[in-house]
Amino acid sequence: MPPGSPGLWIESIAGGAVQSDMPHQDQDVPDGDSRVGSFLSRFGQSTESTEFFSPHPEGYVPGRTAYVAVLGTVMSGLGKGIFSSSLAKLIKDKGLSVAPVKLEGYLNVDSGTLNPYRHGEVFVLDDGTECDMDLGTYERMLDQNLSVQNFTTAGQIYTEVLERERQGGYLGRDVQMIPHVTGEVKRRLRQLAMTGGANGGPADVVFIEVGGTVGDYENGFYIEALRELAFEEGPGRSCFVALTYVLDPPTLGEQKSKAAQLGIKRLMESGIQPHIIACRAERPVAETVREKVSMFSNVPLQRVMSMHDRESIYTIPEAMRAQGLDREILTILDCHSRVNTVQEDTARARWMTFSDGLSGPRRHEINIGILGKYTALRDAYASIDKAIEHAATHLSATPNVNWIDTTEIDDAQSELGHRDLHAVIVPGGFGERGVEGKIAGVKWVRENQVPFLGICLGFQMAVIEYARHLAGLDGASSTEFGGEPAHAVISELPEQKMIEGLGGTMRLGGQDVALTDGSLASFLYDGQRLVRERFRHRFEVDPSYIESLEKAGLIFSGRHPEQPIMQVLELPRDVHPYYVAAQYHPELTSRPLRPQPMFMGLLAAAIQRSNPSATREEISSRWIPEQPSPGAAVPTSQVKPSAASPCS
């Protein structure tokens, strides 16, 4: 029997680029072509006789890392990402290193081209990966930056397998779904186990979320790969969690478990016996229902959990702990001895302070308007929604969010004036639809002194609005919207594309932003001169218009550290109480215990507008600067001493 565990041949496979001119065996080739001879001779020298095929990265040790797989039954949209990330948080809090991964069934290579109405928000990781919004949930729950290896699609898997086949990487074998496609899935999971932990080290537990529902055609090969992985890694190294749904028809007045039973049966037909079952429902799952699910699934009753609706997703980890889910996972994986109780108690205390604030009484109430063109689907702005929740909890404010469709704004005063808004956010987006409504909304908040935060396209709308109405640049617009505007204050510039080395693609992922000393942006970031934020855009402020805009009173307080690329703008606080916009997406880096500074500043200003008699100290002196002298962003007394700014 060849070496492997348990009793399987586990071999390494080298990868590489596609060779479009690679010869086929039926092609005529010149005599003496050593390249072709070497290629073909590999097949003749192969003595492979086993059907086992389980590739693994060099240095991988089978059995070192444990795997927890979360699969959904009955229907999609059960919250597998929320469940998996909450469970991963519980294990991480105990001192173990965790690495989550989302396995998507669609053929897209990434999420970058998906319409928000179809798939919700496109979340951007620090390395520039455009991925599913569930990755944002993982980052927020775990307070952990993820990378491309934490996100896999069927398109990536098939591309990798076909490229490897073109290089002769399968030594003449007929390439099949099993074992080659499933083998690539296992290889990626094992690679993540080796490098997905803290500081690029190994992970103790890999959490695998399989997109879609058990029984879908597109995710079937993932489920088969996980079955194989569990067998190869050996007993006690994997745990399967089935997330299901318990129906609660109002006309019957009782919960029904038949759909859940059938969904779990479908998973068992795939060769996977779940260890734990989490029952999603609107209200707590009845004991009798749990008993039925337990009996029909061969899962002990104490491992059939009620995962009913909660006020906030951030209360779910503690609810899981209360039901003993974390202890059951440790028992299945035999990891109790690796728990750091001191770290767990500290992490739990910090989280409980935040989660208690979610349900506790609030001192303030504010109305926030979000002016976008995807407002019919809240998931399109999921990270903004969460960033507001984080900041509002820390500032003890109840946010009433008004979702306003900018495609329907003709007269901003009639659409916005009656809403008693205390703050307005204009989020990102692409394309011309709804743009004029956004510009009208930005003009309204500027003239009415309503605290404002522009994000990505919202930043560009603020530039266009200011150019049109205060800088005397009639007809100012962006080249993104077609035509030839009289003043293309926003455009895609060749020299900027060369600077970033991205050709015709977007600027994606984490980038450094240099902040001007004494600016409101610098105050919000606690005096830092260089911050790192995430970008996803293609168009920039045209440098030739910067001087005109600044002479008209617009302040560019954040820039590229070396090039004339504008990244943050603001107005003096004697002109407007809080008028800030960023070319990047600040919502992507907001975390429950570390709320994003721009959102904290916005909501603090909103509280001040809702209650003008409240003092800075009653709201938060950290997030509301003292009133500055004319033309300045913050008082000189609140400017932290530092070395020369890159923007000076």
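Count residues from 1 along the sequence.
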Output for pair (I384 CD1, I388 CD1), nearest 0.5 Å, gives 7.0 Å
Taken to the nearest 0.5 Å, the spacing of K258 NZ from L262 CG works out to 6.0 Å
I want to check something: taking the side chain as every heavy atom from C-beta on, are N402 and L421 in contact at a cut-off of under 4.5 Å? yes
Distance col, row L142:CG vs I91:CD1, nearest 0.5 angstrom, shows 11.0 Å
Heavy-atom closest pair (S383 atom, E121 atom, distance to 0.1 Å) is OG-OE1, 2.7 Å
CG (N367) and CG (D420) are apart, to the nearest 0.5 Å, by 5.5 Å
Minimal heavy-atom distance between T65 and A203, with the atoms involved, is OG1-O, 2.9 Å
Checklist line | Validation row: E328, M305 side chains within 4.5 angstrom (heavy atoms) | finding: yes
**Prompt:** With the threshold set at 4.0 Å, does a side-chain nitrogen-carboxylate oxygen contact exist between K89 and E318?
**Reply:** no
Handout entry: D334 atom CG: more than 12 heavy-atom contacts under 6.0 Å
Key = no
With a 3.5 Å cut-off and no angle check, do the side chains of Q608 and R616 form a donor-acceptor pair? no
Contacts satisfying salt bridge (charged side-chain N to carboxylate O under 4.0 Å, His left out) that involve residues 287-301 (not counting sequence neighbours) are E287-R290
Less than 4.5 Å apart, side chain to side chain, heavy atoms only: is that true for I404 and I370?
no
Enumerate donor-acceptor pairs with a distance under 3.5 Å from any side-chain N or O in residues 593-606 to protein atoms, sequence neighbours excluded.
from : atom 1 : to   : atom 2 : distance (Å)
R594 : NE     : D143 : OD2    : 3.4
R594 : NH2    : D143 : OD1    : 2.5
Q596 : OE1    : M598 : N      : 2.6
Q596 : NE2    : Y525 : OH     : 2.9
Q596 : NE2    : E533 : OE2    : 3.0

Would K373 and D405 pass as an ion pair if we require N to O under 4.0 Å?
-> no
For residues 310-337, the ring-ring contact (aromatic ring centres under 6.0 Å, His included) pairs (sequence neighbours left out) are Y314-W351, Y314-F354, Y314-H390
*Does the side chain of Y222 reach to within under 4.5 Å of the side chain of T152, using non-hydrogen atoms?*
yes
*T589 and Y584: side-chain donor and acceptor closer than 3.5 Å?*
no
The complete set of salt bridge (charged side-chain N to carboxylate O under 4.0 Å, His left out) pairs with one or both residues in residues 129-142, sequence neighbours excluded, reads K102-D132, K102-D134, E130-R536, E139-R534, E139-R591
When rounded to the nearest 0.5 Å, the distance separating CD of E282 from CG of L247 is 10.0 Å
Donor-acceptor pair between S621 and E617 side chains, under 3.5 angstrom:
no
Is there a side-chain contact (heavy atoms from CB on, under 4.5 Å) between C279 and V289? Walk through the geometry before answering. CA-CA 10 Å; C279 300; V289 172; 5.8 Å; no
Across all chains, not counting sequence neighbours, the salt bridge (charged side-chain N to carboxylate O under 4.0 Å, His left out) partners of R419 are E415
Do H422 and E365 come within less than 4.5 Å of each other through their side chains, counting heavy atoms only?
no
Do N219 and L103 have side-chain heavy atoms sitting under 4.5 Å apart? no
Residues at least two apart in sequence or cross-chain that pass ring pair (Phe, Tyr, Trp, His ring centres under 6.0 Å) with F221, listed by chain then number, are Y158
*asked:* If you define the side chain from C-beta out and look only at heavy atoms, does anything of L71 sit under 4.5 Å from L243?
replied: no
Looking only at heavy atoms, the pair that brings A392 and R362 closest together is O-NH1, 3.6 Å
Check: In terms of side-chain geometry, is the basic nitrogen of R363 or E618 positioned less than 4.0 Å from the acidic oxygen of its partner?
Finding: no
Sorted by chain and number, sequence neighbours left out, side chain to side chain contact (heavy atoms under 4.5 Å, CB included) with A319 holds for R310
**Asked** Is any side-chain heavy atom of V299 closer than 4.5 Å to a side-chain heavy atom of V293?
**Response** no
| query | With no hydrogens and no angle check, is any side-chain donor or acceptor of E224 less than 3.5 Å from a backbone partner on T182? | reply | no
Taken to the nearest 0.5 Å, the spacing of R227 CZ from K186 NZ works out to 8.5 Å
Quick note, salt bridge (charged side-chain N to carboxylate O under 4.0 Å, His left out) partners involving residues 193-207, not counting sequence neighbours, are R64-D204, D204-R338
Any Lys/Arg nitrogen of K94 or D326 sitting under 4.0 Å from an Asp/Glu carboxylate oxygen of the other?
yes
So side-chain hydrogen bond (donor to acceptor under 3.5 Å, both in side chains) across residues 73-88, not counting sequence neighbours, yields T73-T244, S84-Y138
When every non-hydrogen atom of V122 is compared with those of G112, the smallest separation belongs to CG1-CA, 4.4 Å
Cation over ring face, R622 and F523, 6.0 Å, 45° | yes
Sequence neighbours excluded, the answer for salt bridge (charged side-chain N to carboxylate O under 4.0 Å, His left out) partners of R350 is none
Quick note, salt bridge (charged side-chain N to carboxylate O under 4.0 Å, His left out) partners involving residues 379-400, not counting sequence neighbours, are R378-D385, K386-E389
With a 4.0 Å cut-off on N to O distance, would you call K92 and E344 a salt bridge? no
Subject >> Expected output: side-chain Y381 to main-chain Y374 donor-acceptor under 3.5 Å >> reply: yes
Report, one line per pair, each donor and acceptor closer than 3.5 Å where one atom sits in a side chain of residues 269-276; sequence neighbours left out.
from : atom 1 : to   : atom 2 : distance (Å)
S270 : OG     : R266 : O      : 3.4
Q273 : NE2    : S297 : O      : 2.8
H275 : ND1    : F240 : N      : 2.9

All heavy atoms of I607 vs all of A397, minimum pair found to be CD1-CB, 3.9 Å
Are K256 and D248 close enough, and set up right, to give a salt bridge (charged side-chain N to carboxylate O under 4.0 Å, His left out), and what steps lead you there? CA-CA 6 Å; K256 308 298 287 186; D248 195 357; over 6 Å; no
